[in-house]
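Report on the structure given below.
Keep in mind that this is a model prediction, so the values were computed, not measured. The chains referred to below are lettered A, B, ... by the order of the sequence lines, with proteins before strands, and numbering in each begins at 1.
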There are 2 protein chains.
Amino acid sequence: MARPRTFDEDAILDRAMLLFWRKGYEATAMSDLVEELGLGRGSIYAAFGDKHQLFVRALSRYLGRQDTLLTTAFDADGPALAQLRDVLDRLLAADAACGNAGCFSVNSIAELLPRDEDVARLAQRSLRVAEEAFTRQLERAAQDGELSATVTPDAAARLLLTVIQGIQIVRKVDPDPARAAVALDSVFALLSKEPAELMPDPA
Amino acid sequence: MARPRTFDEDAILDRAMLLFWRKGYEATAMSDLVEELGLGRGSIYAAFGDKHQLFVRALSRYLGRQDTLLTTAFDADGPALAQLRDVLDRLLAADAACGNAGCFSVNSIAELLPRDEDVARLAQRSLRVAEEAFTRQLERAAQDGELSATVTPDAAARLLLTVIQGIQIVRKVDPDPARAAVALDSVFALLSKEPAELMPDPA
DNA sequence: CATTTACTTGACCGCTCGTTCCAGAACGCG
DNA sequence: CGCGTTCTGGAACGAGCGGTCAAGTAAATG
């Protein structure tokens with residue numbers, strides 16, 4: 001019964017996300033947001049509360065997309081490890097979209113934890129979701145005999161989670177995608193059950 | 001021929017380091033530093049230039065210690081992989097000194113790269129030093145037959161570097177040291193050439 | 001078409017930021 | 001024992017911060 005919003009809240013959140021992603025929380029000023037979002041200060045405060053709430057919603061949106069990718073990308077067809085590797089590559093590729101800014105989640109964890117409890121909760125949930133998705137896929141890999149017997153699916157999931165986060169850091173220092181891929185290549189090579197070709201004396 | 005400094009510059013840098021480590025660059029105000037360092041504003045500016053230079057010197061000091069550990073801790077005695085694992089444990093333990101604040105270097109990379117060129121240079125140097133130290137030690141491991149043939153020393157070094165950085169992130173979200181160790185345990189288990197597990201070996 | 005309601009805008013607020021500056025204290029030297 | 005020099009601490013500064021508010025505007029309703 002009154003004037004409706006003239007902007008799309010989700011679109012605005014996406015733009016805010018990109019800004020926070022590139023600059024971090026503290027280094028992003030409200031004046032930057034006003035400029036980037038194309039909204040008046042008042043509209044932003046009316047719609048999102050304050051800077052911190054806006055940040056949390058932007059981060060939440062980012063993490064939601066990651067969660068969606070991880071919980072929908074796996075199916076029971078095809079080689080489990082190859083499928084997992086493909087998802088991780090896509091995840092890393094998505095984070096390369098914001099020119100050398102790394103991963104919004106990793107950046108936020110490093111900048112704001114352990115002080116910011118809201119961000120801490122979001123990060124905990126997101127890492128748990130990822131780890132569980134990895135674990136399920138690795139359990140299937142183990143059942144199919146793809147996974148090295150040296151590690152359990154649990155431990156391998158934890159390792160993969162750690163490697164992904166690590167790549168996001170190393171990549172900010174050395175953006176060469178080929179060198180970034182080395183860590184993933186290595187860990188997958190190690191996780192795979194080696195075929196007999198490398199064994200010198202089978203019988 | 002005049003009044004000498006009444007404070008120890010290195011001790012002041014250490015305290016500044018701890019503050020930047022805990023709070024990050026942007027969230028640390030000069031007033032925080034004045035309070036924490038016990039120096040007047042004027043003295044800080046006279047001694048270090050400005051906030052950014054002070055930060056760079058504090059980070060440089062932190063990285064220098066890491067570099068020293070990595071370039072002095074290895075010797076040619078004893079099992080190479082075990083020695084490497086021990087050094088990494090000490091490195092992680094050192095970073096646990098600043099209560100759940102993670103690793104100063106990782107935090108700084110995530111917050112300030114790719115914008116801050118000074119920090120970028122420091123980080124590049126430090127990661128290169130670490131990677132080379134890992135590589136040398138892993139080459140020795142390979143020569144001694146400790147290293148899995150699945151990976152080259154180069155690739156394994158890159159993987160280890162990545163895992164270390166990743167642990168620093170994951171740890172800020174989930175500080176449980178046991179869970180943090182899982183990733184390291186797994187990667188070392190995978191990197192080791194399995195000698196005995198599958199064949200009964202009398203001890 | 002008048003009224004109502006919510007949204008939009010940008011001027012504005014108090015505060016805190018990083019930085020500068022200066023008056024006085026402290027020390028080495030002739 | 002002053003004199004010159006440097007260090008010290010804190011007052012003060014302009015700029016920019018996050019956040020507020022009132023006036024103007026546009027849509028929906030009867």
Side-chain angles (χ1 to χ4, degrees), chain A residues 1-60 104 107-108 111-112 115-119, chain B residues 1-60 104 107-108 111-112 115-119:
Chain A
M1 174 170 163
R3 181 180 178 184
R5 286 251 163 83
T6 60
F7 62 88
D8 176 5
E9 195 167 285
D10 285 343
I12 290 293
L13 273 177
D14 277 338
R15 306 184 69 169
M17 183 192 83
L18 286 171
L19 197 55
F20 279 128
W21 189 351
R22 250 185 288 126
K23 306 193 59 168
Y25 177 71
E26 297 286 355
T28 301
M30 284 308 296
S31 59
D32 296 330
L33 288 161
V34 168
E35 195 176 340
E36 173 73 19
L37 305 186
L39 260 57
R41 283 172 117 77
S43 302
I44 300 177
Y45 277 88
F48 302 104
D50 60 12
K51 184 188 175 186
H52 188 262
Q53 288 180 56
L54 174 56
F55 179 85
V56 167
R57 292 200 50 185
L59 178 58
S60 206
F104 186 26
N107 293 354
S108 304
E111 181 183 0
L112 299 172
R115 242 170 318 129
D116 191 318
E117 296 181 6
D118 295 321
V119 173
Chain B
M1 175 173 159
R3 182 180 177 183
R5 287 252 163 81
T6 59
F7 62 88
D8 176 5
E9 194 166 287
D10 284 344
I12 290 293
L13 273 178
D14 276 339
R15 307 184 70 169
M17 182 191 83
L18 287 170
L19 197 55
F20 279 128
W21 190 350
R22 250 185 287 128
K23 305 194 60 168
Y25 178 70
E26 296 287 355
T28 301
M30 285 307 296
S31 59
D32 295 329
L33 288 161
V34 168
E35 194 177 340
E36 173 72 19
L37 305 185
L39 259 58
R41 288 170 120 77
S43 303
I44 299 177
Y45 276 88
F48 301 104
D50 60 14
K51 183 189 174 185
H52 188 260
Q53 288 180 57
L54 174 55
F55 179 85
V56 167
R57 291 201 51 187
L59 178 59
S60 206
F104 187 27
N107 294 353
S108 303
E111 180 183 359
L112 299 172
R115 244 170 317 129
D116 191 319
E117 296 181 6
D118 295 321
V119 172

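Judged by the 6.0 Å distance and 45° axis criteria, K51(A) is positioned over the aromatic ring of Y25(A).
When all heavy atoms are compared, the tightest approach of E26(B) to A27(A) is OE2-CB, 3.8 Å. Counting all heavy atoms, side chain and backbone alike, L33(A) lies closest to L54(A) at CD1-CD2, 4.0 Å.
With F55(B) as reference, L112(B) is the one residue of L112(B), D50(B), D116(B) to meet the side chain to side chain contact (heavy atoms under 4.5 Å, CB included) rule.
Nearest-nucleotide mapping onto DNA chain C: of L39(A) and H52(B), the residue sitting toward the 5' end is L39(A). Projected onto DNA chain D by closest heavy-atom contact, A46(B) and Y45(A) fall at different nucleotides, the more 5' of which corresponds to A46(B). Looking at which nucleotide of DNA chain C each of G49(B) and R5(A) is closest to, the 5′-most match is held by R5(A).
Note: NZ (K51(A)) to C1' (dG19(D)) measures 12 Å, nearest angstrom. Between the CG atom of L37(A) and the P atom of dC7(C) there is a distance of 17 Å, rounded to whole Å. A straight line from CD1 of I44(A) to P of dG10(C) spans 12 Å, rounded to a whole angstrom. Atom CZ of F48(B) is separated from atom P of dC7(D) by 12 Å (rounded to the nearest Å). When the P atom of dA27(D) is taken as reference, atom CZ of F7(A) falls 15 Å away, rounded to whole Å.
Under 4.0 Å is where a charged nitrogen must lie from a carboxylate oxygen, and between R57(B) and E9(B) at least one such pair does.
Ring-plane geometry between F7(A) and F48(A) is classed as tilted, the angle between the planes lying from 30 to 60 degrees on a 0 to 90 degree scale.
DNA chain C lies under 4.0 Å from no heavy atom of any residue of residues 18-35 of chain A.
For R15(B) (side chain) and E36(B) (main-chain N/O), a donor-acceptor pair under 3.5 Å exists by modelled atom type. Between the side chain of R115(B) and the backbone N or O of K23(A) there is at least one donor-acceptor pair closer than 3.5 Å.
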Protein N or O to nucleotides 21-25 of chain D N or O, pairs below 3.5 Å:
| residue | atom | partner | partner atom | Å |
| --- | --- | --- | --- | --- |
| dT25(D) | O2 | R3(A) | NH1 | 3.1 |

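When side chains are defined from C-beta on, V56(B) counts as touching H52(B), because their heavy atoms get closer than 4.5 Å.
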